[in-house]
**Q** 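The structure that follows is given in the form of structure tokens.
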Amino acid sequence: MSSTRYSILALALATLFSASSAISFYIWKKNLIEWDSKMKELQKSLNSALEKCAAERQGRIRAQQALRKAVVAQPQAKSENLDIPSYPMAPIGIVQSCFSTRNGTPRQPLLVPLARACLVFDSTRVPPASLEGLEEYSHCWIIYVFHLNTDLEKLWKHPSKSKFKAKVRVPRLKGGRLGVFATRSPHRPCPIGLTVAKVEAVQGNMLLLSGVDLVDGTPVLDIKPYLPYCDSIEGAVVPNWVMLDSMLSVASVGFSNDFSSSLLDCWKSVEKKSLYSSPDELKSLVKQALSWDIRSVSQRNRPHNNLLKIGSGDASDNASDLDDSRDGEASGELIYHLILDGMDFSYKIDGNGNVMVKEVHISSAISFGNEKRCNFLMWKDKHK
């Protein structure tokens with residue numbers, strides 16, 4: 001009898017435990033479904049907010065582009081008749097560079113030896129005879145205009161209204177700020193740049209250069225020969241942060257298994273227009289360019305989080321003049337774009353600074369005119 005009671009009690013306890021387990025499992029599954037639903041809603045809301053921000057940014061940049069064109073076309077209309085002397089200047093030539101956009105253009109000269117450009121002089125202002133003797137120098141200084149600045153309209157405003165920033169973010173300081181004149185920032189009271197490049201050849205009204213850090217379309221105000229005896233200053237002193245090359249260098253640059261085949265496919269379309277003689281030379285250019293972290297401070301500070309999907313679409317400054325050149329894939333990883341020589345190279349970079357170039361395709365927004373094509377062919381003739 002006692003044994004029967006124990007059996008009944010055990011059966012009752014087992015039944016109760018099973019029922020309790022079933023109820024607990026049901027509650028857990030219900031909570032899991034609700035949590036998953038909330039996560040999907042949050043993810044959808046976040047993606048929507050990111051896409052909205054990207055659209056607003058693109059719209060703002062396009063408006064700035066339109067304003068910049070209007071300002072350059074009619075600068076007198078923007079002037080506030082400042083009671084200061086002015087010195088009218090016009091570009092003497094335009095740079096035709098392998099760098100199609102600001103994003104990816106080296107921050108300093110000679111960092112990318114394979115970076116090539118052709119400086120085409122305005123023959124009405126600069127007769128070919130002006131260039132005689134320049135080919136005897138190995139390098140030259142180039143004075144140019146930061147024509148892609150988004151704040152050029154400030155130049156024609158009174159200083160009290162221009163709101164120029166006295167301090168700017170410095171990439172090597174991880175976004176730390178310094179006085180603009182202690183940096184080489186393009187955002188200056190007078191947006192004039194100074195760079196040095198290797199002189200490859202002088203041909204008619206064109207100057208072939210390498211090691212450039214100039215974006216395609218840059219207006220040039222003047223060039224001067226580089227003189228080592230006075231331009232190279234022995235014992236020059238710079239702040240410690242300037243010497244920290246590791247701040248902007250990457251750990252490695254690799255290429256995916258599909259890269260070579262995609263490059264060969266593109267090469268068939270750009271071979272006659274390219275500044276380069278072979279796909280291998282282009283690959284070397286990509287490796288040199290990406291050996292330095294070309295991302296903005298905000299991009300480098302963004303966490304490498306695979307859970308977030310960044311708004312899709314090519315955000316290179318080629319199409320919308322954006323510095324933030326990235327998009328999102330189905331996996332949610334951050335994909336960046338480097339536009340070189342009319343081609344769009346997509347790559348990713350992990351938290352340890354390892355770059356992987358995924359593939360390449362023809363950049364839809366880049367086109368080459370017949371004049372530019374001839375200049376590119378001249379480069380090939382030189383390097384045969």
Side-chain angles (χ1 to χ4, degrees), residues 57 61 64 97-113 115 142 144-151 164-197 211-216 218 236-253 285-304 310 315-318 320-326 334-340 345 347-357:
R57 179 177 170 85
I61 293 297
Q64 290 171 337
S97 168
C98 65
F99 298 107
S100 307
T101 65
R102 290 185 304 177
N103 183 270
T105 303
R107 291 186 173 92
Q108 302 297 341
L110 307 180
L111 294 180
V112 181
I142 302 171
Y144 62 96
V145 179
F146 289 110
H147 69 300
L148 292 182
N149 278 8
T150 56
D151 53 3
F164 269 110
K165 294 181 179 179
K167 291 189 173 184
V168 295
R169 294 186 182 276
V170 181
R172 288 177 184 262
L173 292 179
K174 297 182 178 180
R177 294 181 181 274
L178 279 180
V180 64
F181 293 125
T183 75
R184 294 191 173 187
S185 168
H187 300 286
R188 322 179 71 81
C190 290
I192 296 175
L194 173 67
T195 189
V196 66
V212 299
D213 61 344
L214 300 171
V215 69
D216 191 61
T218 296
V237 177
V238 298
N240 290 334
W241 61 265
V242 175
M243 306 303 294
L244 299 177
D245 287 343
S246 60
M247 292 295 297
L248 294 178
S249 60
V250 302
S252 67
V253 179
L285 169 66
V286 173
K287 188 169 185 177
Q288 287 184 7
L290 294 180
S291 293
W292 300 87
D293 195 340
I294 62 176
R295 297 175 301 168
S296 65
V297 173
S298 61
Q299 287 177 330
R300 293 201 305 275
N301 291 337
R302 183 179 298 111
H304 295 266
I310 306 301
S316 69
D317 56 348
N318 165 64
S320 57
D321 208 20
L322 295 179
D323 286 327
D324 197 2
S325 179
R326 71 192 193 282
L334 292 178
I335 302 297
Y336 300 93
H337 294 267
L338 172 64
I339 313 296
L340 281 178
F345 297 85
Y347 70 97
K348 62 181 180 179
I349 180 168
D350 63 23
N352 296 320
N354 298 298
V355 174
M356 176 58 65
V357 185

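Start at 1 with the first residue, then count along the sequence. The figures that follow rest on heavy atoms only: side chains count, while hydrogens, waters and symmetry mates do not. Bear in mind the structure is a predicted one, so any value in this text is a computation, not a measurement.
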**Q** Report the C-alpha separation of L178 and L173 in whole Å, then their side-chain angles, then the decisive distance to 0.1 Å, and conclude whether the side-chain contact (heavy atoms from CB on, under 4.5 Å) test is met.
**A** CA-CA 9 Å; L178 279 180; L173 292 179; 3.8 Å; yes

**Q** Looking only at heavy atoms, which two atoms of L248 and P171 are closest? And how far apart?
**A** CD2-CB, 4.1 Å

**Q** Would you please name every residue forming a side-chain contact (heavy atoms from CB on, under 4.5 Å) with F164, sequence neighbours left out?
**A**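 Checked F164 against side-chain contact (heavy atoms from CB on, under 4.5 Å); matches are D151, K154, L155, S162.
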
**Q** Taking atom types as modelled, is there a side-chain donor on D213 or T195 under 3.5 Å from an acceptor on the other?
**A** yes

**Q** Using the side-chain hydrogen bond (donor to acceptor under 3.5 Å, both in side chains) criterion, which residues pair with S291? Sequence neighbours excluded.
**A**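 S291: no side-chain hydrogen bond (donor to acceptor under 3.5 Å, both in side chains) contacts found.
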
**Q** What residues, two or more places apart in sequence or in another chain, satisfy side-chain hydrogen bond (donor to acceptor under 3.5 Å, both in side chains) together with Q108?
**A** R184

**Q** Listed by chain and number, what are the salt bridge (charged side-chain N to carboxylate O under 4.0 Å, His left out) partners of K287, not counting sequence neighbours?
**A** none

**Q** List the steps and the verdict of side-chain contact (heavy atoms from CB on, under 4.5 Å) for T218 and H147.
**A** CA-CA 6 Å; T218 296; H147 69 300; 3.6 Å; yes

**Q** Mark yes or no for whether R177, through its side chain, and V170, through its backbone, hold a donor-acceptor pair below 3.5 Å.
**A** no

**Q** Going by the rule side-chain hydrogen bond (donor to acceptor under 3.5 Å, both in side chains), which residues pair with S185 if we only count those two or more places apart in sequence or in a different chain?
**A** none

**Q** Indicate the atoms forming the closest heavy-atom contact of V196 with L110, along with that distance.
**A** CG1-CD1, 4.0 Å

**Q** To the nearest 0.5 Å, how far apart are NZ in K348 and CG in L334?
**A**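 If I round to the nearest 0.5 Å, the distance is 10.5 Å.
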
**Q** Could you tell me which non-hydrogen atom of S252 sits nearest to which non-hydrogen atom of N354, and how far apart they are?
**A**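 What the structure gives for the nearest pair is OG-OD1, 2.8 Å.
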
**Q** Does any non-hydrogen side-chain atom of L338 lie less than 4.5 Å from one of L290?
**A** yes

**Q** Hey, what do you get for CD1 (I339) to OG1 (T105), rounding to the nearest 0.5 Å?
**A** 10.5 Å

**Q** Distance from C98 atom SG to L214 atom CG, nearest 0.5 Å?
**A** 10.0 Å

**Q** Please round to the nearest 0.5 Å and tell me the distance separating atom CE of M356 and atom CD1 of I349.
**A** 11.5 Å

**Q** Taking side-chain contact (heavy atoms from CB on, under 4.5 Å) as the test, write out the residues that go with V238, two or more places apart.
**A** V242, M243

**Q** What are the two closest heavy atoms between N103 and T101, and how far apart are they?
**A** O-OG1, 3.0 Å

**Q** Is there side-chain contact between N149 and H187, with heavy atoms separated by less than 4.5 Å?
**A**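 Result yes, sub-4.5 Å side-chain heavy-atom pair found.
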
**Q** Might you point out which heavy atoms bring S100 and D216 nearest each other, and give the distance in Å?
**A** CA-CB, 4.3 Å

**Q** Let me know which of V253, L111, V112 forms a side-chain contact (heavy atoms from CB on, under 4.5 Å) with Q288.
**A** V112

**Q** Considering non-hydrogen atoms only, spot the tightest contact between Y347 and V355 and give its length.
**A** CD1-CG1, 3.8 Å

**Q** Can you measure from CZ (F99) to CG (L285) and round to the nearest 0.5 angstrom?
**A**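 Reported to 0.5 Å precision, the distance equals 6.0 Å.
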
**Q** How long is the span from the CZ atom in R107 to the CZ atom in R172, to the nearest 0.5 Å?
**A**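 Between atom CZ of R107 and atom CZ of R172 there are 9.0 Å.
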
**Q** Please identify each residue that fulfils side-chain contact (heavy atoms from CB on, under 4.5 Å) with A197, with sequence neighbours left out.
**A**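 By the side-chain contact (heavy atoms from CB on, under 4.5 Å) rule, A197 matches I142, L209, V212.
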
**Q** Given the ring of Y336, does R295 sit roughly above its face, with NZ or CZ under 6.0 Å from the centre of the six-membered ring and within 45° of the axis?
**A** yes

**Q** I'd like to check the ring-ring contact (aromatic ring centres under 6.0 Å, His included) partners of Y144; sequence neighbours left out, ordered by chain and number.
**A**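 Only F146 meet the ring-ring contact (aromatic ring centres under 6.0 Å, His included) criterion with Y144.
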
